[in-house]
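Everything on this sheet refers to the single structure shown next.
This chain uses plain numbering: 1 for the first residue, then up along the sequence. Every value quoted in this text rests on a predicted model; they were computed, and no experiment measured them.
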Amino acid sequence: MSDTTAMIEVDDLSAEQAGAELARLAVEIAAHDRAYHGEDAPTVSDAAYDALRARNSAIEARFPDLVRPDSPSVRVGATLQSQFEKITHRVPMLSLDNAFNDDDVADFVARIKRFLRVDADMAFTAEPKIDGLSLALRYEQGKLVSAATRGDGVTGENVTQNARTLDDIPEQLSGLDVPEVMEVRGEVYMGKADFLALNESMAAQGKQTYVNPRNTAAGSLRQLDSAITASRPLKFFAYAWGDVSAVQRATQFEMVQLLGQWGFSINPLMGRFDSVDAMLERYRLIEAQRAGLDYDIDGVVYKVDDLALQERLGFISRSPRWAVAHKFPAELATTILEKIEIQVGRTGALSPVARLTPVTVGGVVVSNATLHNEDYIAGIGSDGAPIREGRDLREGDTVTVYRAGDVIPKVMDVDLSKRPAAATPFVFPVKCPACGSDAVRDINAKGRPDSVRRCTGGFICPAQAVEGLKHFVSRNAFDIDGFGEKQAEAFYTWGLVVNPADIFTLQKRNERSLTKLQNRDGYGKTSVDNLFAAIEERRSISLTRFIFALGIRHVGEGNAKLLARHYQTIEAFLAPMEANATLLAQFGGDGVALTKAVNKDQVEGGEPWANLVSIDGLGTAAAQALVQFFADPERRRVVDDLLAQVTPEPVELVVSDSPVAGKTVVFTGTLEQMSRDEAKAMAERKGAKVSGSVSGKTDLLVAGPKAGSKLTKAQSLGIEIIDEQGWLDLVGG
Ligand code: IVH
């Protein structure tokens, strides 16, 4: 099809043709890029090259849903980005947890009160969640010294010159109580009217128009030429802060008012409330005003007002415990479910995907949607009860789809009155479409078949292997320059890289091989040298990235970080996995039952498991998946092969001057001034390790009233024992 699609005007392409054309352009442009950047001479004229890129952008503007991960526009974004200097945020820029309905908000408030052991009313702020991009502005002695985008939350891009062009960003802070160092955070956005006017003028000049205000704001802020940024009507709302030498007010609300007094725009719809009902009332008010506001918002953010309580609440993984984003319901659209296709993921999960007749939802063209799993297609929920009143989904059906935020579109319901007479129930495959192995549904802890059907092929399944490789080299894992998803697929197909360890022997094998990589299509000497250099650089890697890269079920970045911090070295991490495999096997692989027994001190040698599940925030499902992963001899062999090639660096915990830093602490009995969760979080903040059971490794037992067997055991082992007040005195409140 590609030869013919190349001839079709962008406006006349169907979605299918557009997809094929984008695939063709990605390959062709990448080949020209390599020719240009490698040692070979350019293969096309500049004008012809520009025309290819322009065509790619035009198709992507018409079909934003089809933008490929390897798109030349994405890659150019990447090179543009790298032209900005990096700024490491002194305080990470986090994301927010979501609430989708009133109950979620009530749960959020109840959770906080439980954590803090507060019964009385508590104050929360509520304010619109602006749909823009966050920016951190650093002021020293009141003077703007730098502006950084969020980036990955740890490092962002230095966009200081561009930020200075915004009227809403003061060069100098003036007024009361400006601290020496003040990092103000907020959202850059483009007004709706300004966005429409900009698009009209682009169209009038025959230029490409933009997709939505948020992308335009992001693109405008990240221009290399700040004159272009200056010409764009960007605005800024201040709503938070990062690194500061002194926090000048005691509450969120007063701090934001102070930002307003210093010259920032602050959102007029922000308010302070002391009940869930009042918070929800503000939510509805903001929702009612949404369409009339001149800027896009996608929800309401609630924050604990008292800053001392925020501090106590701290963070879970990447979000603060003290804030939540209450999202507005998603926009709906109706279209045809043309086909149901099955994709096989890294963990073997068979994921059904809906191919849809393209339809616009919330300003974006959608042509694919997730169907979750086979029960979802059949009209059965994860608890076994009917969903959509039991209506199943069939190819040819008319369906409603929605998008919530940035997430993949979903299919919500089906209109049975429009079902074609010939439509038949979808038959979910019981063999893996990639390798033909049996695909099965495990029985989960509740005794029900797991909602996900998984391929049992493991290593022989090419889909699992390739997805595993893609994950291994992904941005937050090994992140090898020049080794992305495309290369993972190509190298696998060529038989050069079948598992992660192979990446690190590639160069040696290539030297001996007759069919050298540099002679393959798309490669030259320079690109091969660069690739090998990038691989060499990764022979030493952080323990967090290493654990994350293994692609263990339920072990995402957050859990990988928890594990790395807890065990600190790869040896300390791997050793208990074997002991845990034996323990888990004794309980038929049921982690929940094992935890219960260990907690009751009924398991001989239960310490490694108690230690694993004591990691705050990890969860039993992840613990179980981890242990099962390492118990699989095939996987263990790959890990060992990999460890023969790369060295995970030990984690150096932030040195804390707290007397409990580096100590292993166990809490037992009833705590009266704080919840167990808060006690744990506090200990970890101070650099201590919290364990769930007493052993020779325990340094300190904090025992409240009603302490039982753990207290007796600690006494017999001669471990230091203090009460709750003693603990608070020790760690300084
Ligand atoms: S508070 C610790 N307030 O939402 C998190 N964020 O989903 C502090 N956002 O990255 C963020 N409006 O870019 C906060 N009123 C608001 C916001 C807001 C928009 C964005 C922000 C953040 C993202 C998290």
Side-chain angles (χ1 to χ4, degrees), residues 22-44 49 52-53 56 67-86 151-152 155 157 346 465-513 515-542 545-546 548-551 642 645-648:
L22 287 175
R24 182 187 75 82
L25 286 165
V27 174
E28 181 165 355
I29 293 172
H32 293 318
D33 285 346
R34 277 194 299 269
Y36 185 81
H37 295 297
E39 58 173 17
D40 312 322
T43 40
V44 283
Y49 176 82
L52 288 175
R53 276 195 170 278
N56 189 72
V67 174
R68 303 165 57 89
D70 63 347
S71 160
S73 65
V74 176
R75 286 193 292 113
V76 164
T79 46
L80 266 185
Q81 277 170 32
S82 65
Q83 299 196 30
F84 286 103
E85 272 173 42
K86 298 275 178 247
D152 61 5
T155 25
E157 293 157 340
R346 159 171 62 85
V466 169
E467 292 307 312
L469 281 175
K470 287 182 187 169
H471 173 81
F472 184 84
V473 297
S474 65
R475 188 163 89 136
N476 296 326
F478 268 68
D479 191 22
I480 298 170
D481 250 3
F483 200 129
E485 297 206 342
K486 240 178 72 182
Q487 288 77 14
E489 266 176 26
F491 286 20
Y492 184 86
T493 315
W494 297 334
L496 289 176
V497 175
V498 178
N499 70 48
D502 296 339
I503 296 174
F504 295 92
T505 57
L506 192 58
Q507 181 167 15
K508 271 228 165 71
R509 286 183 288 126
N510 191 56
E511 279 160 14
R512 280 180 304 208
S513 159
T515 46
K516 299 225 185 286
L517 195 53
Q518 42 271 47
N519 298 329
R520 289 197 190 251
D521 229 14
Y523 279 93
K525 182 173 176 329
T526 316
S527 51
V528 170
D529 287 349
N530 288 345
L531 174 65
F532 289 153
I535 292 173
E536 282 312 298
E537 255 183 49
R538 289 305 194 184
R539 284 200 188 265
S540 162
I541 187 104
S542 78
R545 281 179 183 267
F546 184 87
F548 173 64
L550 297 178
L642 186 59
Q645 301 294 333
V646 308
T647 315

Is the shortest side-chain heavy-atom distance between Q507 and N510 below 4.5 Å?
no

Ignoring hydrogens, what is the shortest heavy-atom contact between N476 and F548? Give both atom names and the distance.
O-CD2, 3.3 Å

Hey, is the main chain of A477 close enough, under 3.5 Å, to the side chain of R545 for a donor-acceptor pair?
yes

Side chains of D529 and Q518: do they bring a donor and an acceptor to under 3.5 Å?
no

Side-chain contact, heavy-atom cut-off 4.5 Å: L496 with R520?
yes

Beyond-backbone contact of F504 with R539, side-chain heavy atoms, under 4.5 angstrom
yes

Spell out, as yes or no, whether a donor-acceptor pair under 3.5 Å connects the side chain of Q487 to the backbone of G484.
yes

D502 (side chain) donor-acceptor with N499 (main chain) under 3.5 angstrom:
yes

To the nearest 0.5 Å, what is the distance between OG (S527) and CZ (F532)?
9.5 Å

What's the separation between atom OG1 in T647 and atom CD1 in I541, rounded to the nearest 0.5 Å?
10.5 Å

Evaluate the side-chain proximity of F472 to E467: yes if any heavy-atom separation is below 4.5 Å, no if none is.
no

Can you find a pair of side-chain heavy atoms, one from R346 and one from K470, that are under 4.5 Å apart?
no

From D479 atom CG to E537 atom CD, the distance as rounded to the nearest 0.5 Å
10.0 Å

V473 and I503: side-chain contact (heavy atoms from CB on, under 4.5 Å), yes or no, with the steps?
CA-CA 10 Å; V473 297; I503 296 174; 3.9 Å; yes

Y492 side chain reached by V497 side chain, heavy atoms, under 4.5 Å:
no

Residue pair E28 / L52, side-chain heavy-atom distance below 4.5 Å
yes

side-chain contact (heavy atoms from CB on, under 4.5 Å) evaluation trace for E157 with E85:
CA-CA 6 Å; E157 293 157 340; E85 272 173 42; over 6 Å; no

Distance only, no hydrogens: is a donor on one side chain within 3.5 Å (strictly under) of an acceptor on the other, for S513 and R509?
no

Does D152 use its side chain to pair, donor to acceptor, with the backbone of T155 at less than 3.5 Å?
yes

L517 vs W494, side-chain contact (heavy atoms from CB on, under 4.5 Å): CA-CA, chis, key distance, verdict
CA-CA 10 Å; L517 195 53; W494 297 334; 4.0 Å; yes

Would you say that L469 contacts F491 through its side chain, given a criterion of any heavy-atom pair below 4.5 Å between the two side chains?
no

Neighbour count above 12 (heavy atom, 6.0 Å) for D481 CG
no

